[in-house]
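Down below is the structure, laid out as structure tokens.
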Amino acid sequence: MVGVWSIDCSKAPIATCDPKSGCGARTTYEMPPSRVPMIKNVVGTLIPGVGKSFETIIETATRIADDKLRITSVQVGVPGEVIKLAWFRQPGERWETVFVKAGSKYRVYSAQSEDGRKISARDGFMYAPPPDTKYDAIPTNWVRMEKETPLFERCPN
């Protein structure tokens with residue numbers, strides 16, 4: 001998985017978010033020889049030309065099947081700095097993510113906080129808090145979305 005990945009490599013990494021086509025984004029997996037493995041993300045926002053960046057340290061990576069990889073990671077930074085929604089992944093939290101390979105692409109099969117209180121994917125489907133969840137609350141039940149997690153393709157750069 002080392003390299004640059006995106007749901008849509010034709011979009012600029014900081015392309016402005018739009019309800020129909022989503023946001024621009026890039027995820028880069030790095031394994032530098034003298035440092036810890038990292039995930040670097042750049043995502044577009046609602047403000048044209050402005051993106052958000054965040055980094056995540058990969059603590060462990062384990063192949064659990066021919067087509068699945070499980071990583072444990074911790075996002076770097078200050079909670080609330082990148083995303084203010086309490087139910088979204090925050091810096092300092094340890095998360096377990098399982099990726100599944102689909103040909104030359106991959107998708108997130110499952111992703112949740114180590115304590116299981118926060119879930120963004122399970123069984124290949126996206127999860128979200130109920131619509132009435134306040135920005136500073138962590139729900140006790142999560143809603144499975146109709147949509148499968150998106151496929152990521154390797155970008156040329």
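It should be emphasised that the depicted structure is a prediction, and the values quoted were computed from it without experimental measurement.
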Drop me the distance from [X]'s [atom1] to [Y]'s [atom2], to the nearest 0.5 angstrom.
{"X": "E59", "Y": "I71", "atom1": "CD", "atom2": "CD1", "answer": "10.0 Å"}
{"X": "R94", "Y": "E114", "atom1": "CZ", "atom2": "CD", "answer": "5.0 Å"}
{"X": "E96", "Y": "T72", "atom1": "CD", "atom2": "OG1", "answer": "5.5 Å"}
{"X": "S6", "Y": "L151", "atom1": "OG", "atom2": "CG", "answer": "12.0 Å"}
{"X": "R89", "Y": "T97", "atom1": "CZ", "atom2": "OG1", "answer": "6.0 Å"}
{"X": "C23", "Y": "D8", "atom1": "SG", "atom2": "CG", "answer": "12.0 Å"}

For the residue pair [X] and [Y], what are the closest heavy atoms and their distance?
{"X": "W142", "Y": "A128", "result": "CE3-C, 3.4 Å"}
{"X": "I57", "Y": "M38", "result": "CG1-SD, 3.7 Å"}
{"X": "P139", "Y": "W87", "result": "CD-CB, 3.7 Å"}
{"X": "R26", "Y": "C9", "result": "NH2-O, 2.8 Å"}
{"X": "A86", "Y": "I138", "result": "O-CG1, 3.9 Å"}
{"X": "L69", "Y": "M1", "result": "CD2-SD, 3.8 Å"}

If Ile, Leu, Val, Met, Phe, Trp and Tyr residues are connected whenever their side-chain heavy atoms lie under 4.5 Å apart, and connections chain through other members, are W5 and I7 in the same group?
yes
Starting from I58, can I reach F152 by hopping between I/L/V/M/F/W/Y residues whose side chains sit under 4.5 Å apart?
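Yes: a chain of side-chain contacts under 4.5 Å links F152 to I58.
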Please answer whether the main-chain N or O of K118 pairs with a side-chain N or O of S113 as donor and acceptor at a distance below 3.5 Å.
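Yes, because the side chain of S113 sits within donor-acceptor range (under 3.5 Å) of the backbone of K118.
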Would you confirm whether T62, through its side chain, and I64, through its main-chain N or O, come within 3.5 Å as a donor-acceptor pair?
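The answer is no, because no donor-acceptor pair under 3.5 Å joins these two groups.
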Look at atom CZ of F125 and say whether more than 12 heavy atoms of other residues, nucleotides or ligands are closer to it than 6.0 Å.
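More than 12 within 6.0 Å, yes.
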Please check if the number of heavy atoms outside R117 that lie under 6.0 Å from its CZ is greater than 12.
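Open.
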Considering residues at least two apart in sequence or located in another chain, which fulfil the side-chain hydrogen bond (donor to acceptor under 3.5 Å, both in side chains) criterion with W95?
E93
With sequence neighbours left out, write down each residue that passes side-chain hydrogen bond (donor to acceptor under 3.5 Å, both in side chains) with T140, or none if nothing qualifies.
none
Write out all pairs satisfying disulfide bond (SG atoms under 2.5 Å apart) with one or both partners inside residues 97-146, taking only residues at least two apart or from two chains.
none
Test question: given the 4.5 Å side-chain rule for I, L, V, M, F, W and Y, name all other residues clustered with V42, or answer none.
I14
Set out, in order, the CA-CA distance, both residues' side-chain angles and the distance that settles side chain to side chain contact (heavy atoms under 4.5 Å, CB included) for E55 and I39, then state yes or no.
CA-CA 6 Å; E55 296 184 346; I39 303 168; over 6 Å; no
Contacts of R35 that satisfy salt bridge (Lys or Arg N to Asp or Glu O under 4.0 Å) - sequence neighbours left out
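Residues passing salt bridge (Lys or Arg N to Asp or Glu O under 4.0 Å) with R35: E30.
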Which pairs would a plain distance check flag for residues 99-111, meaning a side-chain donor or acceptor within less than 3.5 Å of a matching protein atom at least two apart in sequence or in another chain?
{"residue": "K101", "atom": "NZ", "partner": "G103", "partner atom": "O", "Å": "2.6"}
{"residue": "Y106", "atom": "OH", "partner": "Y29", "partner atom": "OH", "Å": "2.8"}
{"residue": "R107", "atom": "NE", "partner": "T149", "partner atom": "O", "Å": "2.9"}
{"residue": "R107", "atom": "NE", "partner": "T149", "partner atom": "OG1", "Å": "3.2"}
{"residue": "R107", "atom": "NH2", "partner": "T149", "partner atom": "O", "Å": "2.6"}
{"residue": "Y109", "atom": "OH", "partner": "D123", "partner atom": "OD1", "Å": "3.4"}

Report the C-alpha distance between V143 and Y127 in whole Å, list the side-chain angles of each, state the deciding distance to 0.1 Å, and finish with yes or no for side chain to side chain contact (heavy atoms under 4.5 Å, CB included).
CA-CA 5 Å; V143 179; Y127 275 69; 6.0 Å; no
